[in-house]
Each structure stands twice: as structure tokens, then as C-alpha cells.
Amino acid sequence: MKIVILDGYGANPGDLSWQELEELGTVTVYDRTQASETVARAADADILLTNKVVIGRNEMAQLPQLKYIGVLATGYNVVDIDAAHERGIVVTNVPAYSTESVVQMVFAHLLTVTNRTEHYTIQNRAGRWSNNPDFCYWDTPLTELSGKTFGIVGLGNIGWRVAQIALAFGMKVKALTSKQAGALPEGIAKADLHELLSTSDVVSLHCPLTDNTRHLLNGETIGWMQPSAILINTGRGPLVDDDALAEALTAGRLRAYCADVMTEEPPKESHPLLHAPNAYLTPHVAWATAEARVRLLQVAIGNVRAFVNGTHRNVV
């Protein structure tokens with residue numbers, strides 16, 4: 001079996017090992033692959049692994065030897081699933097490997113806004129506290145989470161773990177979910193989008209990106225939110241309308257936007273959210289803890305091993 005990894009650097013920049021995969025076949029690892037390079041690099045591959053490199057119908061038509069595509073992520077929108085099924089190509093993904101890490105990032109972002117620890121650390125390194133006339137100072141709003149309302153859009157694995165931690169902070173939790181109200185755990189109230197946005201102090205997005213959820217947060221729906229509210233997006237960039245969000249932040253109609261994902265990645269330097277006030281942006285790293293990446297490789301390689309042995313795991 002010839003195995004080609006098209007963009008291995010993101011998941012494994014060198015601190016992990018592909019050795020277990022090398023026991024299953026001849027492995028070629030590319031750190032990054034441009035769209036124009038995909039077919040040539042995958043030409044003789046039986047097995048392709050990809051994270052963000054697109055494998056569409058056109059690419060598959062030029063890869064008659066291809067039998068398997070393993071997505072090094074949970075989302076598999078980079079693969080044309082219909083075309084793969086038509087050609088009998090098995091496609092797998094890696095579900096739920098980063099749940100705990102993403103949830104941790106949600107609250108890292110939230111606490112960045114409510115407590116501003118980095119802001120005070122930077123000021124104190126510059127001598128602010130040492131030269132302060134009083135024993136303490138603060139020049140940002142400091143907010144206690146207990147008693148506030150946390151709204152969650154999407155109550156899957158990540159959304160549910162976020163809800164648990166919000167409850168542990170003493171927050172009230174509302175959820176926009178397809179689950180029946182009677183099936184929700186104690187402490188979580190079902191709400192429609194308008195109620196959730198208009199009554200929540202914090203809103204966190206954890207729903208899939210579909211035609212119905214694209215720009216779910218837009219000029220109209222952002223307007224339903226309280227000006228003191230914090231919006232968090234660790235789901236998908238296009239869940240929000242970037243321009244409308246930047247406008248709301250600039251006009252002071254939203255306290256903060258915290259995101260680990262963008263519509264375009266990497267964003268252009270001129271992207272409005274990079275310059276909007278109170279936009280806290282991390283470069284799509286919520287999934288990238290060492291522990292989560294170890295799980296990612298273990299499951300991805302296990303998927304390949306199952307395929308080589310004639311069985312299927314995590315097929316999409």
C-alpha cells in the first residue's frame with residue numbers, strides 16, 4: 001500500500017511520529033500541498049490522508065488507484081463524499097478527538113474578556129503596579145460569571161461539555177438544540193434563537209455549518225443580542241457574518257467577539273475583524289493541544305489499519 005499524507009504539518013509539525021502508519025505501507029509525508037500539486041502528489045496513492053487539502057470529484061477522476069481517503073479532522077467537507085461513494089472510495093474522519101481541548105479554549109476566551117489577565121500582566125511588566133499609589137488598580141470591567149446566562153447554539157459533544165462547565169461556574173444555561181426539552185439534563189433550558197440571543201450574557205456557537213446556519217449571526221440577529229454580551233465562536237468561521245460583526249463591535253453594540261475560526265484562514269491582513277475593537281482571535285488552535293493531536297493520530301492511523309485489515313472504522 002502506498003500512503004500519501006498531503007498536509008501533515010498541521011497535525012504533526014515534528015513532535016509526534018508517523019511510525020505506526022509506516023508499518024502499514026510506504027508513507028510519503030508532505031508538510032503542505034497546494035491545490036495545483038494534489039493530483040501529481042497523489043498519483044500512485046492507494047491511501048490519502050488530508051486535513052485541509054480538497055479532494056473533489058475532479059481530483060478523484062484523475063486518481064484511479066485511490067481506494068481510501070482519511071480526513072485528519074472531524075469535519076470532512078474537504079472531500080466530495082458523493083463522488084467518493086460513486087467510486088467505491090472509503091472516506092473516514094476522526095470524531096470527538098478534540099472535545100476537551102476545544103471546550104477549554106471556549107473558557108480561555110471567556111475568561112480573557114471577563115478577567116483580562118494578559119492585559120494586566122503586560123501593564124505590570126511595564127511598571128504600572130509598581131508605581132501605583134494604591135495596593136490595587138483596574139482599568140477594565142471585571143465580571144463575575146456566576147448568575148449570568150450562557151447560551152449554547154448546538155448541544156452535541158462539545159456543546160454539552162461547555163454546558164457542564166458553565167453550570168459549574170454557577171451560570172444559567174440555555175440551548176438552541178434539536179433535542180426535546182424533556183430530554184435535556186437538569187439545568188439546561190431549551191430556547192429558540194431569538195430568546196437565546198436576546199437573554200444571554202454569553203453565546204457560544206457549536207452547531208455544524210450548513211446552508212441553514214451559514215451567517216446565523218448576521219446584522220439582524222446580532223442586533224437581538226445585548227450590548228454587554230460576549231459572542232464566542234470555536235465552531236466554524238462562516239457561522240457569523242464577519243462584516244456585520246466588525247460593524248457591531250466598532251459601534252459598541254457587542255461587548256466582545258472571541259473566535260478561534262475565521263471564514264477565510266488565514267485571513268487577509270485587511271480583514272475587518274483583525275482591526276475591530278474587542279475582537280479576540282486565536283489562529284484555529286483550539287484543537288491543537290498535544291493531547292488532542294496524539295488522539296487524532298492514534299484514531300486516524302487506527303482507521304487506516306482497520307481498512308488495510310479489511311474492516312471499516314469511522315466511515316462517513
Should the pair R255-D201 be classified as a salt bridge under the 4.0 Å nitrogen-to-oxygen rule? no
Please, which pairs that meet ring pair (Phe, Tyr, Trp, His ring centres under 6.0 Å) have at least one residue in residues 17-46, sequence neighbours excluded? none
Tell me, do L155 and I152 make a side-chain contact under 4.5 Å, heavy atoms counted? yes
A quick test of your reading: do over 12 heavy atoms of other residues, nucleotides or ligands sit less than 6.0 Å from CD of Q34? no
Can any side-chain N or O of N93 pair as donor or acceptor with the backbone N or O of T74 at less than 3.5 Å? yes
If you define the side chain from C-beta out and look only at heavy atoms, does anything of L205 sit under 4.5 Å from I232? no
Pairing of K52 and E265 as salt bridge, 4.0 angstrom limit: no
When you compare the side chains of H284 and T282, does any donor N or O come within less than 3.5 Å of an acceptor on the partner? no
List the atom of A229, the atom of L254, and the distance in Å for their closest heavy-atom pair. O-CD1, 3.5 Å
Closer than 3.5 angstrom, by distance alone: can the side chain of S200 be matched with the main-chain N or O of L197 as a donor-acceptor pair? no
So that I can tick it off, tell me whether R57 and D82 are bridged by a salt bridge, with the cut-off set at under 4.0 angstrom between side-chain N and carboxylate O. no
Short side-chain donor-acceptor distance under 3.5 Å, T92 and H312: no
Any donor and acceptor pair, going by atom type alone, linking the side chain of T311 with main-chain N or O of A306 inside 3.5 Å? yes
Going by an N to O cut-off under 4.0 Å, is there a salt bridge joining R305 and E20? yes
Using atom types as modelled and distance alone, determine if a side-chain donor or acceptor of N115 lies under 3.5 Å from a backbone N or O of T117. no
Under 4.0 Å between a side-chain nitrogen and a carboxylate oxygen: does that hold for D46 and K2? no
Which atom of M60 lies closest to which atom of D80, heavy atoms considered: CE-O, 3.3 Å
Taking K179's backbone N and O only, do any of them form a donor-acceptor pair with K190's side chain (distance below 3.5 Å, no angle check)? yes
Quick one about K174 and T199 (side-chain donor to acceptor, distance below 3.5 Å, no hydrogens or angles considered), yes or no? yes
Okay, side chain of R161, backbone of V103: is any donor-acceptor separation there less than 3.5 Å? no
If you look at every heavy atom in T221 and L193, which pair is closest and at what distance? CG2-CD2, 4.1 Å
Thinking salt bridges, do K268 and E264 make one under a 4.0 Å N-O criterion? yes
If you take all heavy atoms of V285 and D260, which pair is closest and at what distance? N-OD1, 2.9 Å
Looking only at atom types and distance, does a side-chain atom of T177 sit under 3.5 Å from a main-chain N or O of G154, one as donor and one as acceptor? no
F169 and F150: aromatic ring centres closer than 6.0 Å? no
